[in-house]
Novice: 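The structure's right below; bear with me while I get my questions together.
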Amino acid sequence: MDIDLARTFLDVVATGSFVRAAERLNITQTAVSARIKALEEQIGRSLFVRNKAGARLTPAGNEFIRYAASMVQLWERARQQVALPPGREAIVTIGGELSLWNPLLLNWLIWMHRNAPEIALRTHVDLGERLIEKVQTGVLDLAIMYAPSQRPGMKFELLLEEKLIAVSTEPGASDMQSGDYIHVDWGPDFAAHHEIVFPHLRDTGMFVGLGPLALQYILTIGGSGYFRMRAVKSHLESGRLHRVANAPEFSFSIYALSSAQPDSPALQTAREGLRMALMAERDEGESPARTGDAPVH
């Protein structure tokens, strides 16, 4: 079967629409329809029911998802293994959200360089949903991210219970004023809890979609906001930032996302490197919460 047919099927599933799948693939809607029709003819079953709202999976379509994902993943891995650089025995391709690359994934890269030089590495930085899609289609072996959504044919490993804490450049701050508060986008779960706890901060003058950008902004201009505990620890110790008294913490966990297929030896080594990178953070005094700790909202 043409792998492009399976990829197109997964794009329609992800977007829920032939039109949006065509936009993502940069082809015409007619081409998407033709690929799905060819796939349905090969399988002998209808995979989608099209309606005004988009495209809904049939029972056969639901069954086919895990097979389509496995086929695409297998093809991508075979293609990468054939293209091994000289002197390397395997390839691991990893992706992560931007705010996770420093220090966690940077420490991981250094550990892999020192302890597994026989493994070639490919790295990507992207948004959460795109990282999930890349794992599903086999482009990535592993994605490190916050709050991944469930997808068929994937497994999730909790790496770390991260915390978001309220900090301010003003010593002794006991609350957050809308005039200097930076509302950072930490995802829908954070937004829902934030709305309940801080209804008066719904419409602030500054909304930033990237934590590191917001942090550099308040360090330069001044202000307050919620940030990852590990990201602000050194600034709290130096006195550049101060915790806001009585402000609640929010849970913000880090996960490793991969295919549900058994790990290759190289991927097992990569996971070991992640564990060692986390241990390096703990050795620096940034101990994560236990897996069973309940989030405080």
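The structure displayed is predicted, hence computed values, not measured ones.
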Novice: With the threshold set at 4.0 Å, does a side-chain nitrogen-carboxylate oxygen contact exist between Arg271 and Glu157?
Specialist: yes

Novice: Check for me whether the distance between the ring centres of Tyr226 and Phe250 falls short of 6.0 Å.
Specialist: yes

Novice: If you round to the nearest 0.5 Å, how far is CG of Leu257 from CG of Asp141?
Specialist: 11.5 Å

Novice: Set out, in order, the CA-CA distance, both residues' side-chain angles and the distance that settles side chain to side chain contact (heavy atoms under 4.5 Å, CB included) for Gln216 and Leu219, then state yes or no.
Specialist: CA-CA 5 Å; Gln216 289 304 311; Leu219 287 171; 4.0 Å; yes

Novice: Looking at every non-hydrogen atom in both residues, tell me the closest pair between Gly61 and Phe9 and how far apart they are.
Specialist: O-CZ, 3.5 Å

Novice: If you group Ile, Leu, Val, Met, Phe, Trp and Tyr by side-chain heavy-atom gaps below 4.5 Å, do Leu215 and Leu106 land in one group?
Specialist: no

Novice: Flag yes if Val32 and Ile3 sit in one hydrophobic cluster, no otherwise; membership is Ile, Leu, Val, Met, Phe, Trp, Tyr, and two members link when side-chain heavy atoms are under 4.5 Å apart.
Specialist: yes

Novice: Please tell me whether Leu121 and Ile110 are part of a single hydrophobic cluster in this structure, the criterion being side-chain heavy atoms less than 4.5 Å apart.
Specialist: no

Novice: Regarding Arg230 and Glu162, does a basic nitrogen lie under 4.0 Å from an acidic carboxylate oxygen?
Specialist: yes

Novice: Are there over 12 heavy-atom neighbours, none belonging to Arg88, within less than 6.0 Å of that residue's CZ?
Specialist: yes

Novice: Give a yes or no on this: more than 12 heavy atoms of other residues, nucleotides or ligands lie within 6.0 Å of atom CG of Asn246.
Specialist: no

Novice: Could you walk me through whether Leu10 and Gln136 pass side chain to side chain contact (heavy atoms under 4.5 Å, CB included), step by step?
Specialist: CA-CA 8 Å; Leu10 291 172; Gln136 188 174 44; 4.2 Å; yes

Novice: Could you tell me whether Lys155 atom NZ has more than 12 heavy atoms of other residues or ligands within 6.0 Å of it?
Specialist: yes

Novice: Considering only heavy atoms from C-beta outward, does the side chain of Ser251 approach that of Glu161 to under 4.5 Å?
Specialist: yes

Novice: With side chains defined as the heavy atoms from C-beta onward, is the minimum distance between Leu201 and His183 less than 4.5 Å?
Specialist: no

Novice: Do the side chains of Asn62 and Ile65 get nearer than 4.5 Å, heavy atoms only?
Specialist: yes

Novice: Would Arg50 count as a cation-pi partner of Phe18, with NZ or CZ less than 6.0 Å from the six-membered ring centre and within 45° of the ring normal?
Specialist: yes

Novice: Might you confirm whether atom NE2 of His113 has over 12 heavy atoms from other residues, nucleotides or ligands at distances under 6.0 Å?
Specialist: no

Novice: Are Ile221 and Val184 grouped together when hydrophobic residues (ILVMFWY) are joined by side-chain heavy atoms under 4.5 angstrom apart?
Specialist: yes

Novice: Do the non-hydrogen side-chain atoms of Ile182 and Thr204 ever get within less than 4.5 Å of each other?
Specialist: no

Novice: Tell me if a side-chain donor or acceptor on Trp108 pairs with a main-chain N or O of Ala270 at a distance below 3.5 Å.
Specialist: yes

Novice: Minimum heavy-atom separation for Asn107 to Ala277, with atom names?
Specialist: CB-CB, 3.9 Å

Novice: Determine whether Val167 and His242 make a side-chain contact, defined as any pair of heavy atoms from C-beta on separated by less than 4.5 Å.
Specialist: no

Novice: What are the two closest heavy atoms between Leu158 and Ser253, and how far apart are they?
Specialist: CD1-CB, 3.6 Å

Novice: After noting the C-alpha distance and the side-chain angles of Leu142 and Val92, does the key distance pass the side chain to side chain contact (heavy atoms under 4.5 Å, CB included) rule?
Specialist: CA-CA 8 Å; Leu142 201 63; Val92 169; 5.6 Å; no

Novice: Flag the pair Ile165 / Leu236 as yes when at least one side-chain heavy-atom distance between them is below 4.5 Å, and no otherwise.
Specialist: yes

Novice: Can you confirm whether Phe207 is buried at CZ, in the sense that more than 12 heavy atoms of other residues, nucleotides or ligands lie under 6.0 Å from that atom?
Specialist: yes

Novice: How long is the straight-line distance from CG of Leu5 back to CD of Gln42, given to the nearest 0.5 Å?
Specialist: 6.0 Å

Novice: Could you state the interatomic distance from OG1 (Thr58) to CD (Glu63), rounded to the nearest 0.5 Å?
Specialist: 10.0 Å

Novice: Give a yes or no on whether Arg24 atom CZ has more than 12 heavy-atom contacts from other residues, nucleotides or ligands under 6.0 Å away.
Specialist: yes

Novice: Compare all side-chain heavy atoms of Asn115 with those of Met276 and state whether any distance is below 4.5 angstrom.
Specialist: no

Novice: Going from CG on Leu47 to CD on Glu40, what distance comes out if it is rounded to the nearest 0.5 angstrom?
Specialist: 4.5 Å

Novice: Does the ring center of His194 lie less than 6.0 Å from the ring center of Phe252?
Specialist: no

Novice: Run the numbers on Glu97 and Leu131 for side chain to side chain contact (heavy atoms under 4.5 Å, CB included), then give the verdict.
Specialist: CA-CA 8 Å; Glu97 296 189 65; Leu131 291 171; 3.8 Å; yes

Novice: Find out whether Trp111 and Glu272 are in side-chain contact, i.e. whether some heavy atom of one side chain is under 4.5 Å from a heavy atom of the other.
Specialist: yes

Novice: Does any donor atom in the side chain of Ser224 or Glu170 lie under 3.5 Å from an acceptor atom in the other side chain?
Specialist: no

Novice: What's the spacing between Ser46 OG and Ile36 CD1 if we round to 0.5 Å?
Specialist: 11.5 Å

Novice: Which of these passes side-chain hydrogen bond (donor to acceptor under 3.5 Å, both in side chains) with Arg35: Asp4, Thr30, Thr8, Asp11?
Specialist: Thr8

Novice: To the nearest 0.5 angstrom, please state how far the CG atom of Leu160 sits from the OH atom of Tyr146.
Specialist: 8.5 Å

Novice: Do you reckon Trp186 sits in the same ILVMFWY cluster as Leu213, going by side-chain contacts under 4.5 Å, direct or chained?
Specialist: yes

